[in-house]
Structure formats: structure tokens, C-alpha cells
Amino acid sequence: MNHKDTDFQAFSHQILLWYSLNPRELPWRGTKNPYKIWLSEIILQQTRVAQGMPYYYKFVKNYPTVEDLALAPEEDVLRLWQGLGYYSRARNLHTCAKYIHFELGGKFPETYAELLKLKGVGSYTASAISSFAFGEAKAVVDGNVFRVLARYFGIETDIASSRGKKEFEALADQLIPKDQPGEYNQAIMDFGSRQCTPTNPDCGICPLKQSCFAYTQNLVKDLPVKIKKLKIKERHLHYYIIKCGEDWVWKKRGSGDIWEGLFDFPVLEKEKPNDSLQFEPLDGKEFEQIDKKYRHILSHQKLNATFSKVEIPSKNYQKLADWCEERGFILVNEEKIDYLAKPKLIVNFLNDQGI
DNA sequence: AACGCGGGGTG
DNA sequence: CACCCAGCGTT
């Protein structure tokens, strides 16, 4: 493959031409506000535009500036992020907002190199912000760009490998027009999203088909190459709903597992579904098993969850409170459950309970 | 270099 | 069911 500069220019020109005729209308387009661009990019990491859109609106409304976000409690930020997944994004977002507001005097970093230092901002996001907000000629390489470049230039390197990432980023940086980097970055992502789609692209109407390696070699289905080795773990969780009056026992999840920082209940995990469950007696009250079984699919885990509940007499409230204190559990009034950031599985369960 | 981290859409 | 999505941090 010997692609000369003229080939690169022709490619970029075609991408920009296609984009001028087929732009997506998106709420974060047209702004140069680095805060809003950053917000949108974090939300869109591994997330479809349609899924992220309502969250972008919620965040801009609740936190119009980086200062508003910096001054918010982390639990509020996580609650607003509830349901979007990859919750470290929300925690890092908040960490960075505080850093920018309190340490940088509210001045948003303006270069690729500086942006890259922000937690949760990697090469893709730093390129996006620096090109969209500040006109820096750093090329974005997301899932769309991997696909478009792999097909058009016939690159068979595994896009999941670090070597592939470097190779594609180097190529992308050669392709980006220095005079309109932001426009080009938007263009190639839209092109990948709407024309050069993962499956069944309509190559017949593609303006780049004559010079596309994959199309001319009939390899569209084979590119890009992505070697996946995701091993899915099956887990069996048994949750305990412990109520006393109007209060429920909740547990804030810690690090080293899914849903860090979110709230669920005391839980026992079974290695096998038929292992017997033991839970220390509370006032000798029996737990009542809830019939419905919940299956919750994550990208890397399959969760099987069951729930039992027990009602503790109000006269033993203080005893229960002490019991919680020792174990890092908290008592939350039913009226305030809505304010807790919860995993989707727990939200589903509560909906079934009429909460 | 390999792995963990959500939830939802699509064929 | 498998694959993918405006990826990143940790080990």
C-alpha cells in the first residue's frame, strides 16, 4: 500500500464533501464551549448518540458551567448519570470539574497535551475537544474512524491491539486537514456512523467506493479486524431487603467491582446457584423470598439476582441502626430512595415493588 | 498487552 | 445469540 499525499487529500476532500451534504444535527455541534464539548464527549464514550442525548440535556440543564458541576455533591452527579453505565465516567467528570474550577481558576485546558492529563480523557477525547473547541489538528480515532480507515485503506491490523491503535492514529493524523480539523473530525465520524456502517453498508451509493480497498477487493465484511477475547462471568447475587418502619437498609458499593459508588442492598454472592445461603438472623425474623428472578446482562458479566425481604419491628430501630453502623450499611427513608444513584438492576426491582 | 467497566440497539 | 457503540484506567 503506497498512498501518496494526493491520495490522502482526495480522501479527506471526499469525506468533507459527503459531510456537507449529510451532516447530523446534534445539540453539541456548533458550540465552541469546551465544557459542553467535553461533557458531550465523556457521555458518548462507548455510548450511542441516541442513548447519550437525554443525559447531555440533563447535565447542561443541571450544571450549565464547569463551576456548577464542581460545586455539586458527587452523589448528585452519579444520580444524574444513573442508567448510563460506566460510572467511572461520572466520577472522573466530577473530579476534573473540581480540578478545573479550584486548581485552574476555571480556565479549561486548551491543548491536546493538557487535555490528555484530565482523568477520563484519553487520546480520542483530547483530540475531539482540542479540534472542536480550539482548532488543533489532532485526529479523532473512535470506532467509526477505525472502521472507515481499515476499509478504505485496507488495514488488517487488529484494532483492539495497542499497535493497531498507534497505526490508525498515525494515519488519521496524516489525513486531517490542518485548516479545518474540527469539521473533518465530525465528518469522518458521521460518515462512519451513517454511510460506512458496521453491518450491511450501502456501498452502492458511497462516493468513495471506486478507491475503497475493501469495496474493490470485496472485503467489506472482513474489515476492520477486531480480535475479541472477552470472557463473560456468570454471577449469582442474593439481595436482602431489610426494612424498619419507613427505612430501608442500603449499601454503597466500593471499588474493585461493578457499580462503584452506586447504592444497592446487603448481598450474598453464591459461587453456584444451588449453594445454600446463610444470613445471620435479625431478631430471629425469617426472610421472605421474593419469587421473581432477575437476569441482568452487562457486557462482561451475566448477573442472576434474587431478593428476600424482612420487616424489623420499630422498637428495634436502634439495634438495627447499630447493626448497620458496624457493617457500613445506611438506613434510608423510603421517601429518599429516589435520590440514591442505583444500578439499573436495582431500579428495575424497585419498579416491580411499586417504588 | 490484557482486562474490567453498563446499558441498550441491531441483525 | 453475537456484535457494536463519539474509550479509558489499571495492572
Side-chain angles (χ1 to χ4, degrees), chain A residues 24 26-29 36-56 78 81-93 95-96 115-129 131-132 138-148 158-166 168-169 172 182 184-194 196-201 221 224-233 235 253-262 264 295-303 341-348:
Chain A
R24 276 190 293 189
L26 300 172
W28 45 84
R29 287 230 168 120
K36 290 185 178 175
I37 292 169
W38 169 60
L39 184 57
S40 71
E41 293 303 337
I42 301 297
I43 287 172
L44 292 172
Q45 287 169 1
Q46 291 291 284
T47 303
R48 292 169 187 282
V49 167
Q51 188 186 1
M53 190 94 73
Y55 287 83
Y56 176 77
L78 280 171
W81 199 271
Q82 175 177 296
L84 195 55
Y86 285 156
Y87 296 94
S88 65
R89 291 184 292 174
R91 299 193 305 271
N92 289 335
L93 197 69
T95 300
C96 290
L115 289 160
L116 202 51
K117 296 177 184 171
L118 299 176
K119 267 201 162 226
V121 175
S123 59
Y124 164 78
T125 307
S127 295
I129 301 171
S131 66
F132 299 158
K138 286 294 291 181
V140 293
V141 179
D142 71 337
N144 293 307
V145 176
F146 273 124
R147 188 169 58 254
V148 172
D158 175 18
I159 64 170
S161 69
S162 50
R163 200 166 66 82
K165 186 170 150 73
K166 281 182 190 166
F168 281 88
E169 285 180 349
Y184 169 79
N185 276 339
Q186 304 271 19
I188 191 169
M189 287 194 286
D190 272 18
F191 180 79
S193 156
R194 304 178 73 176
C196 196
T197 52
T199 57
N200 303 322
K221 286 204 311 299
V225 174
K226 184 176 185 179
I227 301 170
K228 51 190 183 316
K229 37 205 165 237
L230 185 65
K231 56 169 186 283
I232 308 236
K233 189 164 54 172
R235 297 174 69 175
R253 295 185 63 88
S255 59
D257 201 352
I258 54 175
W259 303 327
E260 180 181 348
L262 274 62
D264 61 2
R295 187 164 172 84
H296 191 73
I297 309 296
L298 307 181
S299 57
H300 55 302
Q301 297 185 11
K302 293 183 193 300
L303 305 178
K342 302 167 289 293
K344 188 66 163 62
L345 167 64
I346 301 301
V347 172
N348 291 342

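Sequence lines set the chain letters: A, B, ... in the order given, protein chains first and strands last, and positions in each chain run from 1.
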Ordered by number, residues from residues 37-45 of chain A within less than 4.0 Å of DNA chain B (heavy atoms) are none
By salt bridge (Lys or Arg N to Asp or Glu O under 4.0 Å), A:K138 pairs with (sequence neighbours left out) A:D173
Checking B:dG6, C:dA6, C:dT10 against the side chain of A:K119 (C-beta onward), the nearest is C:dT10
(Q) Regarding A:T125, tell me which of base, sugar-phosphate or nothing describes its non-hydrogen contacts under 4.0 Å with the strands shown. (A) sugar-phosphate
### Message
When you measure from the side-chain N and O atoms of A:T199 to the phosphate of B:dT10, is any distance below 4.0 Å, counting only OP1 and OP2?
### Response
no
- Verify the contact: side-chain N or O of A:W259 to OP1 or OP2 of B:dG7, cut-off strictly under 4.0 Å; return yes or no. yes
Spell out yes or no: do the side chain of A:R89 and the base of B:dC5 have one donor N/O and one acceptor N/O closer than 3.5 Å? no
Distance check: side-chain N/O of A:H296 vs OP1/OP2 of B:dG6, anything under 4.0 Å? no
Atom CZ of A:R91 and atom P of C:dG9 are separated, to the nearest Å, by 12 Å
Original post:
Counting only heavy atoms not in A:R163, do more than 12 sit closer than 6.0 Å to its CZ atom?
Top reply: no
Check your understanding: Looking for any heavy atom pair under 4.0 Å, which part of the strands does A:W28 touch: base, sugar-phosphate only, or nothing?
Key -> base
Hey, does the side chain of A:R147 come within less than 4.0 Å of C:dC5's phosphate (OP1/OP2), counting only N and O?
yes
Does a side-chain N or O from A:Q301 land closer than 4.0 Å to OP1 or OP2 of B:dC5, or not?
-> yes
By salt bridge (Lys or Arg N to Asp or Glu O under 4.0 Å), A:D264 pairs with (sequence neighbours left out) A:R253
To the nearest angstrom, the OH-P distance between A:Y87 and B:dG6 comes to 7 Å
_For a quick check of understanding: with a heavy-atom distance under 4.0 Å over all strands, which category does A:N185 fall into, base, sugar-phosphate or nothing?_
nothing
From CG of A:L298 across to P of C:dA2 the rounded distance in Å is 15 Å
Between A:K117 and C:dG9, does any side-chain N or O lie under 4.0 Å from OP1 or OP2?
-> no
- Query: Taking atom P in both C:dA6 and B:dC5, what distance in whole Å separates the two?
  - Reply: 23 Å
Of A:R163 and A:G85, the one whose closest nucleotide on DNA chain B sits nearer the 5' end is A:R163
- Message: Looking at A:K228, I'd like to know whether one of its side-chain N or O atoms comes within less than 4.0 Å of OP1 or OP2 on C:dA2.
- Response: no
In whole angstroms, the gap separating P of B:dG4 from OH of A:Y86 amounts to 11 Å
(Q) Under 4.0 Å from OP1 or OP2 of C:dG7: is there any side-chain N or O of A:Q46 that close? (A) yes
What interatomic distance, in whole Å, is found between C1' of C:dC8 and the corresponding atom of B:dG9? 22 Å
Scanning both residues in full, the closest heavy-atom pair of A:Y87 with A:W81 reads CD2-CD1, 3.5 Å
With sequence neighbours left out, the residues meeting salt bridge (Lys or Arg N to Asp or Glu O under 4.0 Å) with A:K117 are A:E114
Of the candidates B:dC3, C:dA6, B:dG6, the side chain of A:R24 sits closest to C:dA6
Base, sugar-phosphate or nothing for A:G52? Non-hydrogen atoms, less than 4.0 Å.
nothing
Here the distance between atom C1' of B:dG6 and atom CD of A:Q51, to the nearest Å, is 8 Å
Separation of B:dG6 atom C1' from A:L230 atom CG, nearest Å, is 12 Å
Checklist entry - Per the atom types in the model, does the base of B:dG7 pair as donor or acceptor with the side chain of A:S299 at under 3.5 Å? => result no
Sorted by position of nearest nucleotide on DNA chain C, 5' first, the leading residue of A:K302 and A:S88 is A:K302
With sugar-phosphate meaning primed atoms plus P, OP1 and OP2, does A:V121 contact a base, only sugar-phosphate, or nothing at under 4.0 Å between heavy atoms?
-> sugar-phosphate
Here the pair of heavy atoms bringing A:R194 nearest to A:R24 is NH1-CG, 3.3 Å
For A:T197, the side-chain contact (heavy atoms from CB on, under 4.5 Å) test, sequence neighbours excluded, returns A:P201
With the side chain defined as heavy atoms from C-beta on, A:N200 is closest, among C:dC4, B:dG6, B:dG11, to B:dG11
Taken in chain and number order and not counting sequence neighbours, the residues that satisfy salt bridge (Lys or Arg N to Asp or Glu O under 4.0 Å) with A:R48 are none
Separation of C:dA2 atom C1' from A:H300 atom NE2, nearest Å, is 17 Å
Query raised in the report: So what does A:S193 touch, heavy atoms closer than 4.0 Å: a base, only the sugar-phosphate, or nothing?
Result: nothing
dist A:E260:CD -> A:R91:CZ (nearest 0.5 Å) comes out at 3.5 Å
Can you confirm whether A:F168 sits close enough to A:V145 that some side-chain heavy atom of one is under 4.5 Å from a side-chain heavy atom of the other? no
Worksheet item: What distance, rounded to whole Å, do you find between the two P atoms, one in C:dT11 and one in B:dG6?
Response: 15 Å
Quiz item: At under 4.0 Å between heavy atoms, what does A:I129 touch on the DNA or RNA strands: base, sugar-phosphate, or nothing?
Solution: nothing
Rounded to whole Å, CG of A:N92 lies from C1' of C:dC8 at a distance of 8 Å
